[in-house]
Amino acid sequence: MLSKRQSDILRILETEGSVSIAALAERLGVSLETVRRDVKPLSEAGTVVRIHGAVGLAGQIGEAPFQKRMRENAAAKQAIARAVAEMIRDGDSVMLDTGTTTSYVARELTRRRRLTVVTNSSDIARTLATVNGNRVYMAGGELRSDSGAAFGKSALDFVSRFAVTHAIISASAVDQTGVMDMDLEEAEIGRLLLTRAERRLAVTDHSKFGRRGLIHVCDFSELDALVTDRAPPAAIATALEAAGTTLKVAAN
């Protein structure tokens with residue numbers, strides 16, 4: 001039987017991966033020694049692994065950053081993905097950029113048939129290729145080690161050759177000025193995707209609202225819809241309405 005604190009430790013690790021003992025103590029409001037006592041039986045049972053003053057779930061130590069991010073707000077991203085998949089029909093053409101929420105969208109799109117998919121994400125390409133009569137085109141170039149996605153001039157040139165029905169981009173940050181990203185190359189390819197589609201969507205979970213990104217991707221006026229899992233703050237909702245952008249809040 002797990003104590004409440006041990007259950008809390010496992011919940012934190014499931015969300016965040018490996019966490020230092022000091023950070024766990026601060027989060028739980030207890031001493032370092034208390035955390036060590038709670039962790040010891042979990043370690044002995046093989047549920048967690050202790051490494052260099054930190055602890056992580058067994059089997060997740062050393063996992064790729066992208067896989068770790070896939071676990072963050074997973075239920076919210078799944079709800080968003082289901083809502084987006086409802087907008088897409090068999091035979092449609094779709095562009096998706098790399099991102100954990102767009103990867104969840106790809107998984108929901110396995111319910112559709114004969115899609116034409118353009119992406120710079122190897123995860124999305126693997127998910128949708130070779131199933132249901134789909135045609136999948138993946139941008140070339142060097143794949144990043146953290147996400148398995150292609151960026152740079154080769155990827156941009158490749159994407160620019162296509163014209164599709166739906167473009168779906170992920171958002172790292174959203175405030176009343178629009179959609180932003182933390183990475184220049186990711187912002188560039190997201191911005192390009194929006195110019196190649198009849199219907200332009202951004203997907204983001206509620207944790208991105210109110211964040212400021214380093215690079216501006218697009219104004220709300222450049223989107224047809226923003227799909228999320230919770231209503232955004234009033235300033236963002238007002239800006240979306242002023243831009244004529246549909247706000248779709250997915251049902252959990």
Side-chain angles (χ1 to χ4, degrees), residues 80-144 147-172 174 178-181 183-204 213 215-228 240 243-248:
I80 293 166
R82 287 192 295 269
V84 171
E86 290 173 1
M87 305 178 191
I88 296 171
R89 299 290 175 256
D90 290 349
D92 278 355
S93 53
V94 188
M95 281 185 175
L96 302 108
D97 70 355
T98 188
T100 55
T101 307
T102 47
S103 280
Y104 276 107
V105 171
R107 284 152 176 75
E108 286 297 320
L109 289 180
T110 56
R111 305 171 188 270
R112 302 288 178 262
R113 301 185 62 81
R114 302 183 310 280
L115 297 176
T116 299
V117 179
V118 182
T119 185
N120 68 320
S121 163
S122 62
D123 178 79
I124 291 172
R126 284 195 306 268
T127 299
L128 291 173
T130 72
V131 297
N132 299 341
N134 296 335
R135 292 188 299 168
V136 176
Y137 298 89
M138 182 176 169
E142 182 179 1
L143 300 186
R144 284 194 184 170
S147 63
F151 293 97
K153 187 176 185 304
S154 295
L156 293 169
D157 288 346
F158 182 84
V159 169
S160 67
R161 300 173 190 170
F162 294 85
V164 299
T165 305
H166 310 274
I168 304 166
I169 68 167
S170 54
S172 296
V174 180
V179 174
M180 290 159 285
D181 209 304
D183 182 278
L184 176 61
E185 290 185 318
E186 292 188 16
E188 286 177 339
I189 203 156
R191 190 180 299 121
L192 177 60
L193 261 61
L194 296 178
T195 70
R196 308 307 303 161
E198 298 172 17
R199 191 179 197 186
R200 305 156 300 170
L201 308 177
V203 292
T204 186
I215 310 295
H216 185 76
V217 177
C218 67
D219 297 332
F220 290 140
S221 60
E222 298 171 80
L223 295 173
D224 295 299
L226 176 72
V227 187
T228 185
L240 286 164
T245 303
T246 299
L247 171 64
K248 183 172 181 60

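Position 1 is the first residue of the sequence, and the numbers go up from there.
Asn134 approaches Leu128 most closely through the heavy-atom pair ND2-O, 3.0 Å. Contact record, Ser221 with Ala243: N-CB, 3.6 Å, taken as the closest heavy-atom pair. Nearest heavy-atom pair across Leu223 and Ala202 is CD1-CB, 3.7 Å. Here the closest non-hydrogen pair linking Ala171 and Val179 is CB-CG1, 3.6 Å. The minimum heavy-atom distance linking Leu96 with Val94 is given by the pair CD1-CG1, 3.8 Å. For the pair Ala125 and Met138, the tightest heavy-atom approach, listed with the atom from each and the gap, is CB-SD, 4.0 Å.
Looking at residues two or more places apart in sequence or on another chain, you find no side chain to side chain donor-acceptor pair (under 3.5 Å) involving Asn120. For Arg200, the side chain to side chain donor-acceptor pair (under 3.5 Å) criterion is met by Asp224, not counting sequence neighbours. For Asn132, the side chain to side chain donor-acceptor pair (under 3.5 Å) criterion is met by no residue, not counting sequence neighbours. For the side chain to side chain donor-acceptor pair (under 3.5 Å) test, no residue two or more places apart in sequence or in another chain qualifies with Thr245. By the salt bridge (Lys or Arg N to Asp or Glu O under 4.0 Å) test, Glu108 pairs with Arg111, sequence neighbours left out.
In this structure, NE2 in His166 is found 8.5 Å from CZ in Arg89, a value given to the nearest 0.5 Å. Note that the OG1 atom of Thr116 and the CZ atom of Arg135 stand 4.0 Å from one another [nearest 0.5 Å]. Taking SG of Cys218 as the reference point, atom CG of Leu193 lies at 11.0 Å (rounded to 0.5 Å). Here the CD atom belonging to Glu142 is positioned 11.5 Å from the CZ atom belonging to Phe151, to the nearest 0.5 angstrom. To the nearest 0.5 Å, atom CZ of residue Arg196 and atom OG of residue Ser160 are 6.5 Å apart.
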Original post:
Are Val164 and Val117 close enough, and set up right, to give a side chain to side chain contact (heavy atoms under 4.5 Å, CB included), and what steps lead you there?
Top reply: CA-CA 9 Å; Val164 299; Val117 179; over 6 Å; no

**OP:** Walk me through it: do Arg144 and Asp183 pass the test salt bridge (Lys or Arg N to Asp or Glu O under 4.0 Å)?
**Re:** CA-CA 13 Å; Arg144 284 194 184 170; Asp183 182 278; 3.0 Å; yes

**OP:** List the steps and the verdict of side chain to side chain contact (heavy atoms under 4.5 Å, CB included) for Phe158 and Ile189.
**Re:** CA-CA 11 Å; Phe158 182 84; Ile189 203 156; over 6 Å; no

**OP:** Start with the C-alpha gap between Met95 and Val159, add the side-chain angles, then the distance that decides, and say whether side chain to side chain contact (heavy atoms under 4.5 Å, CB included) holds.
**Re:** CA-CA 9 Å; Met95 281 185 175; Val159 169; 3.8 Å; yes

Original post:
Checking side chain to side chain contact (heavy atoms under 4.5 Å, CB included) for the pair Thr98/Asp123: CA distance, chi angles, key distance, verdict?
Top reply: CA-CA 8 Å; Thr98 188; Asp123 178 79; over 6 Å; no

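The closest donor-acceptor contact from the side chain of Ser122 to the backbone of Gly148 lies under 3.5 Å.
For the residue pair Ser93 / Thr165, a side-chain donor-acceptor distance below 3.5 Å is found, with atom types taken as modelled.
The existence of a salt bridge linking Arg191 and Asp97 is excluded, since no basic side-chain nitrogen approaches an acidic carboxylate oxygen closer than 4.0 Å.
Screening Ile215, Val217, Asp181 for a side-chain contact (heavy atoms from CB on, under 4.5 Å) involving Glu186 leaves a single residue, Asp181. Tested against Ile168 for a side-chain contact (heavy atoms from CB on, under 4.5 Å), the candidates Val227, Leu194, Leu201 yield a single pass: Leu201.
Residue pairs meeting the ring pair (Phe, Tyr, Trp, His ring centres under 6.0 Å) criterion with at least one member in residues 112-140, sequence neighbours excluded: Tyr137-Phe162.
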